[in-house]
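Order of the sequence lines sets the chain letters (A, B, ...), proteins ahead of strands, with each chain counted from 1.
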2 protein chains.
Amino acid sequence: MASTVGARSAKPRYLQIADDIEEQIRAGRLAPAEEIPSETALMERYGVSSGTVRKAVAQLRTTGLVETYQGKGSFVKSRPPVTRKSSDRFRRSHRRAGKAAYIAETEQAGVKPTVQVLSIGPVSAPAEIAERLGVDEGDKVLARRRLYFSDGTPTEEATSYLPWDVARDIPELFEENPGGGGIYARLEEHGHEFAEYTETVRARLATKQEASALSLSPGSPIIHLTRNAVTTVGRVVEVCDTIMAADQFVLDYRIPATD
Amino acid sequence: MASTVGARSAKPRYLQIADDIEEQIRAGRLAPAEEIPSETALMERYGVSSGTVRKAVAQLRTTGLVETYQGKGSFVKSRPPVTRKSSDRFRRSHRRAGKAAYIAETEQAGVKPTVQVLSIGPVSAPAEIAERLGVDEGDKVLARRRLYFSDGTPTEEATSYLPWDVARDIPELFEENPGGGGIYARLEEHGHEFAEYTETVRARLATKQEASALSLSPGSPIIHLTRNAVTTVGRVVEVCDTIMAADQFVLDYRIPATD
DNA sequence: TCTCACAACTCCTATACATGAGTGAATGTG
DNA sequence: CACATTCACTCATGTATAGGAGTTGTGAGA
C-alpha cells in the first residue's frame, strides 16, 4: 500500500487521516498556500470512502489548519504576520508625530496598513456602549465604523462611538480622514484631555457577520477589544469597539506595580 | 407538518435545522443542561435522514451551544459565569490581606475557586520562557504547574517559571501552598520588589492537549496569557504562562495616558 | 435483596450513492 | 481576436444503510 496511516489503533480512521495530513503540514511537506490532494485522490490514497475523507478534512478545518473552497480545493492556511498592539500606542508623542494609533502599531510589523471607512454618522447607542459612555440606551451618538487591512487582507473592524454633544462641536470627526494624529488628537485639541484608557479583552468564535467582514473561515477565533477613553474630568468621550482576527494580533500590556 | 423550518431558502437544510434549534435555545425553550431531542426524534421531526441531523448537531457543537455524549445524548451547554481579570489584581494590598491573585479575582465573580497543583519542580526552560527570563534555552528553572477550577469545572491552567538561582533560596516556592499572598508575596519578602508586570495576550483555538486539560470540546477558543514579573532592578523573576477557556474570562486593563 | 445479563436506547463510524453547484480551462464560433 | 459554450474537475448536500460502542433501566435468578 502506498501509505499506511498510524497502523492499527483505537482512533477512528478519519482522525488517523487527519493526523497524517496534519503531520505532513507541520513537517513542511505540504507548504502554506499549497493545495492538499483532492477528496477523490485522498479516497484512493487511503482506501476509504468519500464520507470519511470529508470528515478528515473537516477536522483539519476546525483545527484551523486548512481552508477549503468549493470547486477549487483545500489549501494549507498561511499564517499572516502578527502585529503587536502594545499599550503605549496611545502616547501623545505618537499623535504629535501626526500618527494615528493604528499607523504607529502596524508600521513596525512590516506590513502595509490601509483603512477603509465603512460609515460615519449618528446611530442610536447599543446597550453596552451607552453604559460605557454614560448615556441612555438608544441615545444619539456618533459612530465611525472602519475596516483595517494589512497588506490588503482585512484584519480588524473598529467602531468608535462618541457622545453626540462631544462630536457635534468637532467637524473633523465627521470626515473620513480626521487629520493628523487621528480623532484622539482632535478631541484633545477641543479640551478633552485624556487621563487613561481602559481596555476590555474578550475572545470567542467569530459570528457569521464578523467572519464575512474579515473574510475568515467560519469557526475562526476573534479578539473582541472594547476601549474607553477617559478624560481628566472622568468622562468617557469615546468607546472603541474592535473585532480582530485572533491569529493576526498579539496584545501587550504594562501593569505598574502599585499598592 | 408539525414543524416548518425556515420555509424555503438558499440555506442548506442542516443549517436551517441548526438555526431552528439554536433559536429554541436562545429563546429558553430548551433550558441549559437540558437534553435536546435525540437524533431519531429530530429525524422524524424535520423529516430528514440521520446524516443531515448529525450535521446540524455538529454545527451546534462547533458553535459551542451544545455538548454531546455518546450513549447519552446532546445537552444544552450551561455557560459558566465569566470572571473578570482586572489589572489591579496584583496590588500589594491584596497580598497583604493574604490573598493570592486568583482568589482576589474569582471571589468577586461569585464562584468557588479551587486549585490543583499539577507539578512543582525543575524543568529545562522552553525557548520563549528562557528569553523572557533572560536565561539560556534549556537552563534549569523552577516550574509550578497548576489547574484552576471555578465551581468544580477547570477553567485555567497556569505555569509559573522562575530562574533557578531565585527559586533556590525560597523553600516555600517548592511547597504546594506557598503561603498567604502567594508566590509574589514570598518573592517580595526575599528582596525582589516588583516594579511592573507585562502581559501578552493571544487568542487561538485549543490544541488537543489544552482542550482535554480544560475539558473543552475541540475547536474551542482559548486565551493565552503570558506575564513577566519585573523587579525594580529590571530583572524578570517570574514568567507565568496561562491558558484560559475563552468563554469564561474577560480581561480588563488600565492604560494611563502618558506622553 | 442483591447481582448480573440483556434489551433498548443513545451517539459514532463508515460505506455507497445521487445530485447540485462553483471553478477554470479548452474549445468553438462570430 | 473576443466571447460564449462546454466539459472536466473540484467540494457540498443529502439519502439510505450497516454495524459498533457507550449508557441506562429492567427483569430473571441467586
Residues in side-chain contact (heavy atoms from CB on, under 4.5 Å) with [X], at least two apart?
{"X": "B:Ala31", "answer": "B:Glu34"}
{"X": "A:Ala158", "answer": "A:Arg146, A:Tyr148, A:Cys240, A:Thr242"}
{"X": "A:Glu199", "answer": "A:Arg89, A:Phe90, A:Leu225, A:Arg227, A:Tyr253, B:Ile255"}

Check every nucleotide of DNA chain D for an atom under 4.0 Å from a heavy-atom of chain B, then give the first and the last such nucleotide from 5' to 3'. D:dT13 to D:dT24
Going by the side chain to side chain contact (heavy atoms under 4.5 Å, CB included) test, name the single residue among A:Thr155, A:Asp247, A:Thr153 that passes it with A:Pro80. A:Asp247
Sugar-phosphate atoms are those with a prime plus P, OP1 and OP2; base atoms are the rest. Using that split, label each nucleotide of nucleotides 6-18 of chain C B, S or - for protein heavy atoms under 4.0 Å, 5' to 3'. ----BBSBSB-B-
Side-chain ion pair, A:Asp19 and A:Lys11, N-O less than 4.0 Å: yes
If you measure from CE on B:Met43 to CZ on B:Arg54, what distance do you get to the nearest 0.5 Å? 11.5 Å
Tell me the salt bridge (charged side-chain N to carboxylate O under 4.0 Å, His left out) pairs involving residues 119-128 of chain A, sequence neighbours left out? A:Glu128-A:Arg132, A:Glu128-A:Arg202
